[in-house]
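Naming: A, B, ... by sequence-line order, numbering from 1 per chain.
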Protein chains: 2
Amino acid sequence: MRQDSRLSRMLHVLIHMGHHDGALTSDMIAKMLDTNPVVIRRTMAGLREKGYVTSEKGHGGGWTLLHRLEELTLLDIYRAVGEPSVFAVGPAYDMPGCVIEQAVNATLTDVFAEAEQLLLKRFSDVTLADIARGFVVPGGPNASGQGMAEES
Amino acid sequence: MRQDSRLSRMLHVLIHMGHHDGALTSDMIAKMLDTNPVVIRRTMAGLREKGYVTSEKGHGGGWTLLHRLEELTLLDIYRAVGEPSVFAVGPAYDMPGCVIEQAVNATLTDVFAEAEQLLLKRFSDVTLADIARGFVVPGGPNASGQGMAEES
DNA sequence: TGTTTCGAAACAACATAAGTTACATGATTT
DNA sequence: AAATCATGTAACTTATGTTGTTTCGAAACA
């Protein structure tokens, strides 16, 4: 399957919400992301459980952001969408008696854990406001632009 | 889908081959990994293309390692199995005009690229001999054992 | 000739995000 | 109260890629 884009999509939506007064309906958001409102509700449910957004039914209802963009990190959103497995490749999980396989798995586990730690550390260093501003990673290569308006 | 285990499996096989005189058949290897010989041939084909192993048909045939374990790094094998996408999560690829989505994608791309660089750097620092010896990562946490015999 | 072994094609199984349909629930407007 | 709007949820389908399996053919060897 292609890569999990829930994190990316939720970041996108939340920044829009942070720059928008009033609620956004699932339909509006779905059009923004070029997808289906049910997919939006499904994914946003995780954000609601964490208390980052609320949803209201009926006229004038929809989704509302409960925090400022400065208060939310990439790590928060990653966790809210279910902390999906970061890696598409990893050790085989046979747990056999073979010491060679054990050594291989130990090595891979260590290396991937280190990379994941770095990733989550970077996630925790970046707020949604930083992204909206065009800042990328504190110590990172920072290849993107600066100063960022909004629009669909 | 569950994680791609080709790298892990090939490391396992190659270390066995490094400690084994003569050829190993796909059937023997398949039993070692508890899978099917066709899967072995399919995956080992990448190693053969890189010149790390050869395969011979007929009686006494099978797979033979052409390099010493000291000469092969984790990175070599990762590339030989096709350099599969390391991450299961990533940016949405709509490439819209929306500057917010662009900023999100730029940030994620940067962060994931940094993590991947670290991963590949670690891969390049570890030889198959290191793994067999129980050494893990030069600068890493090194959580595994030391001194390593062989056996399936 | 017969057996071993790889090579390759073709297809099924499996897992998971994503897309879709359908209906129930609740809130607001008229 | 009725109509409308919007979320909540279940169920099913689609898409994608690794893995598993069957079935041939080709080559090497006894």
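Put simply, CD on A:Q3 is 14 Å from P on D:dT16, counting in whole angstrom units. The CG-C1' distance, from A:D27 to D:dT4, rounds to 14 Å in whole Å. Atom CD1 of A:I29 is separated from atom P of D:dG8 by 11 Å (rounded to the nearest Å). Atom CE in A:M10 sits roughly 12 Å away from atom C1' in C:dA18 (whole-Å rounding). Rounding to whole angstrom units, CG of residue A:L24 and C1' of D:dA6 are separated by 13 Å. A straight line from CE of B:M44 to P of D:dT19 spans 15 Å, rounded to a whole angstrom. The distance from atom CZ of A:R48 to atom C1' of D:dT9 is 11 Å, rounded to the nearest whole Å.
Residue A:F123 is not grouped with residue B:L118 when hydrophobic side chains (ILVMFWY) are merged at heavy-atom distances under 4.5 angstrom, including chains of intermediate members.
One finds no side-chain N or O of A:T25 lying less than 4.0 angstrom from the OP1 or OP2 phosphate oxygen of D:dC5. In terms of phosphate contacts, A:S55 brings a side-chain nitrogen or oxygen within less than 4.0 Å of OP1 or OP2 of D:dG8. When the side-chain nitrogen and oxygen atoms of A:S26 are compared with OP1 and OP2 of D:dA6, none of them lie within a distance under 4.0 Å.
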At under 4.0 Å between heavy atoms, which parts of nucleotides 20-30 of chain D does protein reach? Answer with one letter per nucleotide, 5' to 3': B base, S sugar-phosphate only, - none. BBB---BSBB-
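Contact check for B:V81 versus B:D4: no side-chain heavy atoms found under the 4.5 Å cut-off. Contact annotation: the side chain of B:F112 approaches that of A:V86 to within less than 4.5 Å [non-hydrogen atoms, C-beta and beyond].
Although no hydrogens or angles enter the test, the distance criterion places a donor-acceptor pair under 3.5 Å between the side chain of A:D130 and the main chain of A:T127. Checking side-chain atoms of B:D110 against main-chain N and O of B:T107 turns up no donor-acceptor pair under 3.5 Å. Within the 3.5 Å criterion, the main-chain N or O of A:A92 finds a donor-acceptor partner in the side chain of B:S8.
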